[in-house]
Amino acid sequence: MRASQMFAPTLREIPAEAEIVSHQLLMRSGMLRKVASGVYTYMPLAWRTMKKIMDIIREEMDKAGCQELMLPVVHPAELWQQSGRWQVYGDELWRLHDRHGRDFCLGPTHEEVITDLVAREIKSYKQLPLRLYQIQNKYRDERRPRFGLMRGREFIMKDMYSFDRDQEGLEESYRLMYQAYTNIFTRCGLDFRPVVADNGAIGGDASHEFMVLAESGEAGIIYCSSCSYAASSEVAEAYLDRTPCNEIPGEMKEVETPHCKTIEDLTRFLNVSPEKTIKTLCYQADDQFVLAVIRGDRTVNEIKLKNRLGCLELTMASDEVIKKYLDSPAGYVGPVGVKNIRMIVDREVPFLANAVCGANKEHYHLINVNPDRDFSIEETADIRLVEEGEICPECRAKLLSARGIEVGQIFKLGTKYSESMGAKYLDENGKEQLMVMGCYGIGVGRTMAAAIEQNYDADGIIWPMAIAPYHVVVVPVSDRDREPEQMQAATKIYQDLLAQKVEVVLDDRKERPGVKFKDADLIGYPLRITVGSKTLAEGKVEVKMRATGDVHYVELDRVVAFVKEKLNLPEERGF
RNA sequence: CGGGACGUAGCGCAGCUUGGUAGCGCACCUGAUUUGGGAUCAGGUGGUCGCAGGUUCAAAUCCUGUCGUCCCGACCA
């Protein structure tokens with residue numbers, strides 16, 4: 001490719017709308033342009049990288065016995081009504097109707113379409129397992145698209161759906177995908193980590209998210225400093241210290257605590273440490289009023305709580321609702337004396353002694369509260385958020401926290417969709433059985449953005465070799481007519497590299513050298529070959545590595561061999 | 001969906017308070033000089049000031065509505 005013909009309009013300034021590095025650099029390097037909020041055009045350089053990522057995905061999927069197919073973007077409402085998600089999915093489902101007024105939606109994911117297909121075509125255990133994948137545009141009418149490709153309304157995603165005879169088969173599919181994902185992100189040159197994740201409303205019994213570690217990540221990760229334990233902060237657990245408190249239980253008393261509505265007020269006023277307090281939070285879980293009881297220094301993990309309650313909607317109860325059920329103002333709620341209200345007690349609470357909690361009476365708290373003695377505990381669960389510095393549940397080392405970009409997630413679906421969509425087969429005994437499903441997604445654009453978030457400097461992108469849009473740029477320093485030998489030498493190198501199937505760009509533009517260097521750094525070619533008069537006089541060119549800044553002076557006749565050697569360097573990093 | 005902000009040339013912005021018919025930098029075009037890290041000088045192209053109403057002799061500027069975009073939060077199979 002000649003730079004003079006390449007469609008890659010680079011920008012000197014950062015577009016005002018781009019907030020994070022990957023978005024800024026994708027815009028500045030002329031790779032991406034916005035068409036509407038959350039909807040983008042992938043320009044030639046970006047599309048080359050996208051295709052490379054997709055090719056890596058394809059190779060690993062095919063290797064794991066999966067077959068690629070193409071599914072429609074437009075789905076009839078009937079399929080979604082059949083699974084029940086037409087109602088459940090909400091406003092994020094991008095709905096439309098045709099000229100006859102029939103309802104359709106743009107597929108945000110393809111369980112319905114593919115399960116329906118498989119249900120129609122697969123009849124016998126002999127045809128299983130079946131693993132089908134697609135890489136295509138998907139649509140979610142996000143409330144708030146953001147961060148460029150990170151959260152778009154139209155995005156390219158690979159989804160694989162596995163259909164197995166039984167749970168055992170699913171385990172095998174899942175294991176294969178876990179390995180395939182590890183291979184894919186490693187090959188993409190990413191520093192990533194698989195973490196245990198929440199299944200969300202999709203149900204099922206296990207899920208992993210593949211997280212690219214980056215400060216700008218939207219997701220929190222808790223991982224062990226010593227063993228392999230790693231989990232999304234949504235589901236992370238910590239070691240539970242079951243040592244009973246050896247304090248002698250004191251007499252429970254009501255004390256006046258004027259205007260102490262928060263744990264902070266309370267600890268200051270009574271001079272107690274927050275871990276000796278009990279906090280009681282009031283929630284509205286669908287139509288049910290529930291209490292979450294937790295140590296004062298902890299934070300409720302609403303995902304865990306929601307999963308425990310099995311509700312669809314979970315919100316903090318309003319003051320009026322609290323008043324109605326407890327006759328206590330918010331801020332003075334406590335578990336003592338509460339009757340006929342479901343109460344989920346965090347599993348740490350029973351180990352407290354002589355704690356402080358709300359008295360269900362304005363301006364009063366109770367001291368020397370002892371769980372079990374002073375209030376009955378019927379339901380304990382882990383409902384709290386784990387923080388950095390806590391103890392690993394697996395090996396008791398210290399837990400650390402990090403931010404991550406979720407680039408992939410694998411789910412065991414079970415029979416949720418095979419049941420609703422009627423995906424059954426006959427087993428060896430002629431007995432009808434439900435297929436056991438799994439689904440496995442990778443955000444392709446998000447993977448590209450994540451690669452940038454992890455590989456950039458002040459000058460621009462630093463592509464990992466495997467997904468760089470091009471490997472090499474050849475830059476003749478001068479285009480002066482009186483120094484034609486530079487352009488000649490550069491053109492020869494360019495042609496020789498092309499002949500060797502190296503993906504190379506010749507920067508033949510009539511630009512000053514500074515402009516070419518700046519663009520080369522911005523676009524992030526892994527190698528830059530500079531042809532200048534000084535080195536050319538010695539029969540050499542300069543080869544600069546974008547990632548390290550290392551410079552090599554190489555004889556003209558050795559350049560191609562040198563470059564090929566550099567390109568073959570293993571890029572694998574990751575875990 | 002709640003809160004906040006913005007919309008003026010391809011990009012980044014000023015002008016708006018105090019109404020008088022639009023400006024700066026970059027980019028782009030022409031010429032000259034320049035050429036190892038986003039050149040200099042001279043000349044030039046390009047804008048119904050998001051859109052629609054209203055007030056006014058007169059609206060980018062004031063008022064109302066509307067659309068779009070971004071940020072924070074909520075949400076995220």
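Worth saying up front: this structure is predicted, and the values here are computed from it rather than measured. Letters go in sequence order (proteins before strands), and every chain restarts at 1.
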What nucleic acid atoms does [X] come within less than 4.0 Å of, heavy atoms only: base, sugar-phosphate, or nothing?
{"X": "A:T535", "answer": "base"}
{"X": "A:L522", "answer": "base"}
{"X": "A:T315", "answer": "nothing"}
{"X": "A:R528", "answer": "base"}
{"X": "A:E542", "answer": "base"}
{"X": "A:K544", "answer": "base"}
{"X": "A:D91", "answer": "nothing"}
{"X": "A:K516", "answer": "nothing"}

Check this for me, if you would: do [X] and [Y] make a salt bridge, where the nitrogen-to-carboxylate-oxygen distance has to be below 4.0 angstrom?
{"X": "A:K412", "Y": "A:E171", "value": "yes"}
{"X": "A:K416", "Y": "A:E111", "value": "no"}
{"X": "A:R528", "Y": "A:D519", "value": "no"}

* Examine A:F411 together with A:Y161 and report whether their ring centres are nearer than 6.0 Å. => no
Quickly work out the [X] [atom1] to [N] [atom2] distance and round it to whole Å.
{"X": "A:E19", "N": "B:G4", "atom1": "CD", "atom2": "P", "answer": "19 Å"}
{"X": "A:F411", "N": "B:A77", "atom1": "CZ", "atom2": "P", "answer": "7 Å"}
{"X": "A:R509", "N": "B:C28", "atom1": "CZ", "atom2": "C1'", "answer": "15 Å"}
{"X": "A:I20", "N": "B:C71", "atom1": "CD1", "atom2": "C1'", "answer": "13 Å"}
{"X": "A:Y40", "N": "B:U69", "atom1": "OH", "atom2": "P", "answer": "10 Å"}
{"X": "A:D519", "N": "B:G37", "atom1": "CG", "atom2": "P", "answer": "15 Å"}

From C-beta outward on [X], which listed nucleotide comes closest to its side chain: [options]?
{"X": "A:D521", "options": "B:G12, B:G37, B:G73", "value": "B:G37"}
{"X": "A:R146", "options": "B:U69, B:G37, B:C71", "value": "B:C71"}
{"X": "A:S37", "options": "B:C11, B:U69, B:U34", "value": "B:U69"}

Now, which nucleotide makes the Watson-Crick or G-U wobble pair with [N], with each of the two distances under 3.5 Å?
{"N": "B:C6", "value": "B:G68"}
{"N": "B:U17", "value": "none"}
{"N": "B:G43", "value": "B:C29"}
{"N": "B:U35", "value": "none"}
{"N": "B:C1", "value": "B:G73"}
{"N": "B:A22", "value": "none"}

* Is there side-chain contact between A:V505 and A:Y525, with heavy atoms separated by less than 4.5 Å? ->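 Sidechains of A:Y525 and A:V505: in contact.
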* Ignoring hydrogens and angles, state whether a donor on the side chain of A:Y89 or A:R95 is under 3.5 Å from an acceptor on the partner side chain. => no
* To do: Compare side-chain N and O positions of A:R143 against OP1 and OP2 of B:C75 and report whether any pair is under 4.0 Å apart.
  => no
